[in-house]
2 protein chains.
Amino acid sequence: MEKHSSKILDDAVDAFASLPGIGRKTALRLALHCIYQDPSVLNNFARSVSKLGTELKFCRKCHHVSDADICHICTDQKRDHNTICIVESIRDVMAIEDTGHFRGLYHVLGGIISPIDGIGPDDLNIETLIDRCKKDKIDEVIMGISPTIDGETTIYYLTRCLNDAGVHKISILARGVAFGGELEYADEMTLGRSIRARIPYQLNE
Amino acid sequence: MEKHSSKILDDAVDAFASLPGIGRKTALRLALHCIYQDPSVLNNFARSVSKLGTELKFCRKCHHVSDADICHICTDQKRDHNTICIVESIRDVMAIEDTGHFRGLYHVLGGIISPIDGIGPDDLNIETLIDRCKKDKIDEVIMGISPTIDGETTIYYLTRCLNDAGVHKISILARGVAFGGELEYADEMTLGRSIRARIPYQLNE
């Protein structure tokens, strides 16, 4: 696509195209949409995006996104402050919060140990996790980490650190066939392990 | 999706989700991408979008986007200033410019006459078109307008206006089967008309 009449338009297309998953055609479509918007609407848009860089913070306790130094989950006195769920990313906090099935606190690692990607324990928020476990009274740590090879490595590493820090009740997410999923589409490993880890079933009469 | 820990993040998600074709999940993905960017990158992004509202202009002659009062096409003395191609939108100017097959000027209508959508001639940039044709020496007007029902209506209306203004050489885009297209996928009307409007074929020996 050749450059257009306007450097201002080109710059905006470049800006949109720098976002992940937005190609140049979509970027042009978004920019052309914007030129017919009210300038105040565009300014609000621009300010919202800018603030992500200048005003958004990460919680000093759990590293989740926050508008204050400590996030609204860590400050919520109605939550269980003795249980921590360790997750890879902010996205995972949101996913678990959306389920409504967890009322404890989180700890965002900011990644998982991945030798191939050159990510080691020092690149993750592990030190602050150990500090929390030593300082606060933590009864249980849940590993809310994907059951991939890197995930299992991370779980193994964290468990050793946590045991050393005096935390011994550690759990992982239940694994098995997905609810509502068709058996024929479940992968072999999941299906095989689900048979071995089968659950006794009883009628509630 | 429930609201998140941060009003700043929520505002950015809302902002991205207000763009056409961007749903809330994609908006969240874009916002989360942004929070790991350098604040200066985000400020540049924000400024680029803002400028679309505050600094981008429309050419006073042809209504194409422009950084100046008159666009770079209208000021280009190497172009043919006696031929105007009328198009519906800025997007169409770009599409025709990309072909490299037109060296005249443009006139962006800003829509087409559409009784169903309540768009009449007064909503379009027709007055400025007639003014141009009266003031400048226009030899030919090309209707670069889609061959839809509304498009044909617009072409008919414009032709009458242009004839009244003294422009009599008016042409429409060639119609027929698309280059590289498979005949079996051409619609009936296009194929039927292409047979009736067939072109003599001769070997250049």
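Chain naming here is simple, since letters A, B, ... match the order of the sequence lines and numbering starts at 1 in each. Note: hydrogens, waters and symmetry copies are ignored here, and every other heavy atom, side chains too, is used.
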| What distance separates Ile22(B) CD1 from Arg29(A) CZ, expressed to the nearest 0.5 Å? | 7.0 Å
| remark: Residue set satisfying salt bridge (charged side-chain N to carboxylate O under 4.0 Å, His left out) with Arg193(A), at least two apart, ordered chain then number -> none
| field | Inter-residue atom distance Asn43(B).CG - Ser50(A).OG, 0.5 Å rounding | value | 3.5 Å
| task | Could you pull out the closest heavy-atom pair between Gly53(B) and Leu42(A), with the gap in Å? | result | N-CD1, 3.3 Å
| field | Max heavy-atom pair count under 4.5 Å with chain B, selected residue of Ala12(A), Ala15(A), Pro20(A), Ser48(A) | value | Pro20(A)
| message | Please identify, among Asp38(A), Thr54(A), Val41(A), Leu32(A), the residue contributing the most non-hydrogen atom pairs under 4.5 Å to chain B. | response | Leu32(A)
| said: Taking atom OH as the centre, does Tyr36(A) end up with more than 12 heavy-atom neighbours from other residues, nucleotides or ligands that are less than 6.0 angstrom away? | reply: yes
| said: For Leu56(A) versus Leu9(B), what's the shortest heavy-atom pair and its separation? | reply: CD1-N, 4.1 Å
| task | Name the region of Ala31(A), side chain, backbone, both or neither, that has any atom closer than 4.5 Å to a heavy atom of chain B. | result | both
| query | Is there a side-chain contact between Ile35(B) and Ile90(A), using heavy atoms and a 4.5 Å cut-off? | reply | yes
| field | Atom pair CG/OG of Asp67(A) and Ser6(B) - distance to nearest 0.5 Å | value | 3.5 Å
| Above 12 or not: heavy atoms from other molecules or residues under 6.0 Å from CG of Leu173(A)? | yes
| message | Taking CD in Glu55(A) as the centre, count heavy atoms belonging to other residues, nucleotides or ligands within less than 6.0 Å. Is the count above 12? | response | yes
| message | Let me confirm one number: the NZ-NE2 distance from Lys7(B) to His72(A), rounded to the nearest 0.5 Å. | response | 14.5 Å
| query | Where does the angle between the aromatic ring planes of Phe16(A) and Phe45(B) fall among parallel (under 30°), tilted (30 to 60°) and perpendicular (over 60°)? | reply | perpendicular
| Region of Gln37(A) in contact with chain B, defined by heavy-atom distances below 4.5 Å | neither
| Asp11(B) and Arg47(A), any side-chain heavy atoms less than 4.5 Å apart | no
| query | Mind checking whether Val65(A) and Ile8(B) have side chains closer than 4.5 Å, heavy atoms only? | reply | no
